[in-house]
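Worksheet: the structure to be examined is printed underneath.
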Amino acid sequence: MAYDPSRIEPRWQQHWADHDLFRAVDPTVPGATDLPKYYVLDMFPYPSGAGLHVGHPEGYTATDIIARYKRMRGFNVLHPMGWDSFGLPAENHAMKTGTHPAVTTRANIDNFRRQLKMFGFSYDWSREVATSHPGYYRWTQWIFTLLYNRGLAYEAEVAVNWCPALGTVLANEEVIDGRSEVGGHPVERRPMKQWMLRITAYAERLLEDLDELDWTDSIKDLQRNWIGRSEGAEVDFPVVGFERALRIFTTRPDTMFGATYMVISPEHPWVRELTTDGQRAAVEAYVEEARRRSDRDRQAAKEKTGVFSGAFCRNPANGSEIPVWIADYVMMGYGTGAIMAVPGQDERDWEFAEAFDLPILRTVQPAAGFDGKAYTGDGPAINSGFLDGLGVDEAKARMIDWLVEQGLGERKVNYKLRDWLFSRQRYWGEPFPLLKLADGTVRVLEPDELPLMLPEVGKYEPAGTGEGPLAIIDEWMNVEDVRSGQRARRESNTMPQWAGSCWYYLRFLDPRNDHEAWAKDKESYWMPVDLYLGGTEHAVLHLLYARFWHKVLFDLGLVSTKEPFRKLRNQGMILGENSEKMSKSRGNVVNPDDVIRVHGADSLRLFLMFMGPLDRDKPWSATGIEGVHRFLDRVWRMFFDEEDRLHACLTDGPIDDDAQRALHKCIDQVSQMTEDLRFNTAISQMMIFTNEMNARTSRPRAALETFVLLLAPYAPHLAEELWSRLGHETSLIREPWPVADPKWLVSDTVTVVVQVNGKLRDQLEVAADADEAQVKERALASPKVKQWTDGKQIVKVIYVPGKLVSVVVK
RNA sequence: GCCGGGAUGGCGAAACGGGUAGACGCAAGGGACUUAAAAUCCCUCGGAGCCAGCUCCGUGCCGGUUCGAGUCCGGCUCCCGGCACCA
């Protein structure tokens, strides 16, 4: 009987479930905290209608290997799974078919769960959560009230992507080149009242605390760039003929003597006042045009545009009067929405100055040989009064000191990070837990009023007014507030999909708690997440939002760690066989159901890990999976003969030295590589061991048993089957992980290579403890070496113990 | 443009305090077993040279450091991801 996963796998999955072997033991259970804890988490999926494709389980397999490995190493492992189940696809489906998104979502979740279970992942399914479940979103709403009460949630008029044809607001991702992704209708910017979260208040901490995290540098860099900290100064430029001064932000206060004009954004609140009558018509036309253009259009335009306001400012550095221009290359959302333009040292300003014939003055001496336009490098200040001769850094510091002294400005740090637009004009999301009372105040709901349930709606289309489908459910929208006795209106917007995923890792700690979002003692035991694995696509938004919420919860004393995810890794993408991204339209999607039917879950798990390094993109290969399947066949045949009996080659008694060396090398390598998430090479090591044993007519049973334990995290079904057929009556889930004995890791002899002038000329087998003189002597005596040294002068002989002898001749 | 990451056989990849380049696997070719096929097992498998023992070349390109460079340094090219008029 050959290896047949379809007979083995369902049985062991059943066994694990029946014996509840993956349950994480809560710290409230006596004795639980004697064990060290390990929290290993996957980024939970959105349960789409298409089901899993092979990309999903790549990361899940990696975390499952770690979860199983850590259990064997004696950890109390928390390894949960859930569903990020609010979201657009189910709502779009509802618009087409009228099916309630909850119904679609439930069916999709059932399908995802079924597929995940086929892989034999060791999730603690008793902790499953879904963000769209009222028992979950009740607490999402509660966290929103915490944010609100801290002043971190506010309503503001912000320019959003309004699509008149679709009658709805679109997210930035849904707008392609100024048109709607769906239907290709024009999209315009339109100010609308929206809920915002003040993530910018945490910008500095979100940046600083990255340092202590075990994340890859590339992800940290992505977040750092996104936060975009820059140091500089805010400076007041008095407006000629006005009582007021125009405040600008600059990172180059040292170049102030070279500021030859000013620019304010078309959205700047002073545009109207600063504009002179003579310029009014031109300015109004320009501002109107800028308003119509989407951000994307504005950014795509290469040519600088702008218009003179008619007003002048006085440059505080040198007293000169400089014109104030209005141009859309300055954005209202950053700094003060106004700049001093220094064309001599800024490429954008240079371009604008050239286009509109404005004066250019260099205030930094360009490096010798510089023949470009704006010079942004370092150099001594020139044409800059008291700064002349100073380098850029020193001149900046001196200028800021002077500005502060004169009361003209101050040191200032700015961030690119913007506050988080937190409302969506959608149905399938968390309703905002608040009431807008008749007296104009807002009351957030108390915990005992939650959850605020989503009402049933007749149709899922947007209201057409820019509001979501909830806006027209009159009996839900307009209520009497029992606590204040006032008439009140609810919020018709819902929260974005990011909301639920901001804190799910906390709910997993205490998923069935009806009284609080999580119990404090459970939180302090399990947190932080020790390993978090997911795709790079969430490198910025999800991870930044979750960190933000976590820090707020930390400030409120509700969590015990500053950061939620101690170690973060990203899995790469599984590409189609043609090395293109898998997609239905490309026809290269691989369905795990099919693969498991043919090869079994263990083969698929193993192949996903064997393809290459975890973090790299890798193309699928139908023959590749046959290869690992063959490996598992060979493992099987290492134990059993054709009649399905334990192989006659299996020998009892002590393990011979060769087998010991092979085994302990395998233990050593697999342990290290598993720990380092280098699963591809760990599997290679297991293949090497198997090849070696299969070549032998005597296979020490004790060595093979130990090998089964190494295999267990990777191919758990097969390992359990082997373990039980070797006579063990209990699952190997909690068998101790083998430990390599160092004495079998060193051999008596080592191969030393001999190089002459850097080229390999011979290899010597020498005793591991041979001394240097002895090895050198043998190397020089070798005929193959002599061939290259005869008649030459030996200049030097280098010896690297146990590795090589390098002979230098002339 | 800026910030990351990458480039090694026909293919996926190994080599991670500089020290035998190509482990392991796939594909391919040859052989054994078989009436035949599948499966399995064995052998070959970077390129070139009177393919025997051997020599030369070879890790995207050009230089450098070193006894010795896939690995370190300087300068490029191409590919992937992110940001993008952020003052």
Side-chain angles (χ1 to χ4, degrees), chain A residues 2 216-226 228-230 232 248-252 255 259 263 265 295-296 298-302 304 327-331 333-342 345-349 351-352 414-418 536-537 539-540 570 572-573 577 579 606-607 610-613 615-628 630-631 633-634 637 642 676 678 680-688 690-691 694-695 751-763 784 787 795-800 802-810:
Chain A
T216 55
D217 287 337
S218 65
I219 297 287
K220 288 188 186 184
D221 277 341
L222 283 177
Q223 294 223 341
R224 287 193 186 107
N225 290 343
W226 190 265
R229 182 183 203 274
S230 61
I248 60 99
F249 172 73
T250 178
T251 55
R252 293 295 302 273
T255 63
V263 182
S265 160
D295 270 358
R296 209 171 282 257
R298 240 163 102 160
Q299 287 161 12
K302 283 203 187 102
K304 291 269 182 294
D328 65 4
Y329 82 92
V330 170
M331 279 159 303
Y334 184 78
T336 61
I339 63 157
M340 64 174 194
V342 188
Q345 275 79 231
D346 185 285
E347 280 158 18
R348 297 151 303 183
D349 295 344
E351 237 180 84
F352 191 82
N414 252 315
Y415 302 91
K416 278 198 270 188
L417 183 68
R418 307 292 166 83
T536 342
E537 66 273 21
V540 176
N570 296 112
M573 233 186 316
E577 286 213 77
S579 292
L606 214 60
F607 182 56
F610 185 64
M611 293 166 79
D615 58 356
R616 285 251 272 274
D617 293 349
K618 303 160 281 259
W620 178 256
S621 162
T623 53
I625 186 157
E626 285 170 21
V628 293
R630 278 199 289 267
F631 162 62
D633 274 331
R634 285 199 297 277
R637 288 197 308 269
E642 270 100 81
D676 295 346
R678 290 159 57 209
N680 54 330
T681 51
I683 293 166
S684 300
Q685 292 301 322
M686 291 191 264
M687 289 172 167
I688 290 169
T690 305
N691 291 346
N694 273 353
T751 307
V752 168
V753 303
V754 186
Q755 295 180 347
V756 178
N757 281 355
K759 289 200 185 269
L760 177 69
R761 295 307 179 191
D762 198 9
Q763 308 183 10
K784 285 182 183 169
Q787 225 181 316
V795 181
K796 198 161 34 160
V797 181
I798 294 155
Y799 177 62
V800 181
K803 283 268 167 90
L804 63 59
V805 177
S806 183
V807 184
V808 187
V809 298
K810 216 161 52 176

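This structure is a prediction, so every number in the text was calculated from the model and none was measured. Convention: sequence-line order gives letters A, B, ...; per-chain numbering from 1. Any value given below was found using the heavy atoms of this structure, including those in side chains, with hydrogens, waters and symmetry copies removed.
When the P atom is used for both B:rC62 and B:rG9, the distance is 15 Å, rounded to whole Å. Nucleotides B:rG58 and B:rG47 are separated by 16 Å at their P atoms, to the nearest Å. For the C1' atom pair drawn from B:rU8 and B:rU71, the interatomic distance equals 12 Å after rounding to whole Å. Taking atom C1' in both B:rG81 and B:rG74, one finds a spacing of 26 Å when rounded to whole Å. With C1' as the reference atom, B:rA15 and B:rC24 are 12 Å apart, rounded to whole Å. Straight-line distance between the C1' atoms of B:rC61 and B:rG6: roughly 16 Å, to the nearest whole Å. Rounded to a whole angstrom, the distance from the C1' atom of B:rC42 to that of B:rG63 is 48 Å. Between B:rG75 and B:rG5, the two P atoms lie 16 Å apart (nearest whole Å).
Residue A:Asp762 contributes atom CG, which lies 10 Å from atom P of B:rU55 at whole-angstrom precision. Spacing between atom CD1 of A:Ile219 and atom C1' of B:rC3 amounts to 13 Å, rounded to whole angstrom units. Following rounding to the nearest Å, A:Arg616 (CZ) and B:rC79 (P) show an atom-to-atom distance of 18 Å. Note: CG (A:Asp349) to P (B:rC85) measures 14 Å, nearest angstrom. What separates CZ of A:Arg229 from P of B:rA87 is a distance of 12 Å, to the nearest Å. Atom pair A:Asp676:CG and B:rA15:P shows a separation of 11 Å (rounding to whole Å applied). Put simply, CG on A:Asn757 is 14 Å from P on B:rU55, counting in whole angstrom units. We find that CD of A:Glu577 is positioned 12 Å from C1' of B:rA27, with the value rounded to whole Å.
Checked against B:rC67, B:rA87, B:rU55, the side chain of A:Arg761 finds its nearest nucleotide in B:rU55. Side-chain atoms of A:Trp226 lie closest to B:rC83 of the nucleotides B:rC83, B:rC16, B:rC85. Proximity note for A:Arg678 (side chain, C-beta onward) versus B:rA15, B:rC85, B:rA13: the nearest is B:rA15. In this structure, the nucleotide among B:rG82, B:rG12, B:rA87 sitting nearest to the side chain of A:Pro619 is B:rG12. Here B:rA13 is the nucleotide among B:rG12, B:rA87, B:rA13 with the atom lying nearest to any side-chain atom of A:Pro613. Looking at the side chain of A:Tyr329, the nearest of the listed nucleotides B:rA87, B:rC85, B:rC83 is B:rC85.
Between A:Leu804 and A:Val754, the closest side-chain pair of non-hydrogen atoms is not below 4.5 Å. A heavy-atom distance below 4.5 Å is found between the side chains of A:Val628 and A:Met687. Side-chain contact between A:Asn757 and A:Val808 is present, with heavy atoms from C-beta onward closer than 4.5 Å. Side-chain contact between A:Ser621 and A:Phe607 is present, with at least one heavy-atom pair separated by less than 4.5 Å.
Between the side chains of A:Tyr334 and A:Ser230, at least one donor-acceptor pair of N or O atoms lies under 3.5 Å.
In RNA chain B, the stems built from three or more successive Watson-Crick or G-U pairs (distances below 3.5 Å) are B:1-7 with B:77-83, B:10-12 with B:24-26, B:28-32 with B:40-44, B:46-49 with B:54-57, B:60-64 with B:72-76.
Interface remark: the A:Lys304 side chain does form a donor-acceptor pair with the B:rC85 base, using a distance-only criterion of under 3.5 Å.
The two residues A:Ala341 and A:Val263 make their nearest non-hydrogen contact at CB-CG2, 4.4 Å.
Its glycosidic angle being more than 90° from 0, B:rC79 falls on the anti side. Because its glycosidic torsion is within 90° of 0, B:rG9 is reported here as syn.
Cation-pi check for A:Lys304 over A:Tyr329 is met; the charged atom lies under 6.0 angstrom from the ring centroid and within 45 degrees of its normal.
Going from atom CG of A:Asp217 over to atom CZ of A:Arg224 covers 7.0 Å, rounded to the nearest 0.5 Å.
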Q.
Set out, in order, the CA-CA distance, both residues' side-chain angles and the distance that settles side chain to side chain contact (heavy atoms under 4.5 Å, CB included) for A:Val752 and A:Val805, then state yes or no.
A. CA-CA 7 Å; A:Val752 168; A:Val805 177; 3.9 Å; yes

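Put simply, the side chain of A:Asn694 gets close to the backbone of A:Arg634: a donor and an acceptor are under 3.5 Å apart. The backbone N or O of A:Pro613 sits less than 3.5 Å from a side-chain atom of A:Lys618, completing a donor-acceptor pair. No donor-acceptor distance shorter than 3.5 angstrom exists from the side chain of A:Gln345 to the backbone of A:Thr255, with no hydrogens or angles considered.
Remark: A:Glu347 CD is loosely packed, at most 12 non-hydrogen atoms of other residues, nucleotides or ligands lying under 6.0 Å away.
Heavy atoms of A:Arg637 sit under 4.0 angstrom from primed sugar atoms or phosphate atoms, though from no base atom. Contacts of A:Ser230 with the nucleic acid, taken as non-hydrogen atoms under 4.0 Å apart, involve only primed sugar atoms and P, OP1 or OP2.
Within the structure, a side-chain polar atom (N or O) of A:Lys759 is placed less than 4.0 Å from OP1 or OP2 of B:rC57. For the pair A:Lys796 and B:rC67, the criterion of a side-chain N or O lying under 4.0 Å from OP1 or OP2 is met.
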Q.
How would you summarise protein contacts on nucleotides 45-53 of chain B per nucleotide, using B for base, S for sugar-phosphate only and - for none, with heavy-atom distances below 4.0 Å?
A. ---------

Distances for protein N or O near nucleotides 19-26 of chain B N or O, under 3.5 Å:
unit_1 : atom_1 : unit_2   : atom_2 : d
B:rG19 : N2     : A:Gln755 : OE1    : 2.9
B:rU20 : O2     : A:Gln763 : NE2    : 3.1
B:rA23 : N1     : A:Ser684 : OG     : 3.4
B:rG25 : OP1    : A:Asn691 : ND2    : 2.9
B:rC26 : OP1    : A:Arg630 : NE     : 3.1
B:rC26 : OP1    : A:Arg630 : NH2    : 2.8
B:rC26 : O2'    : A:Thr623 : OG1    : 2.7

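Using a 4.0 Å cut-off between charged side-chain N and carboxylate O, A:Arg630 and A:Asp633 make no salt bridge.
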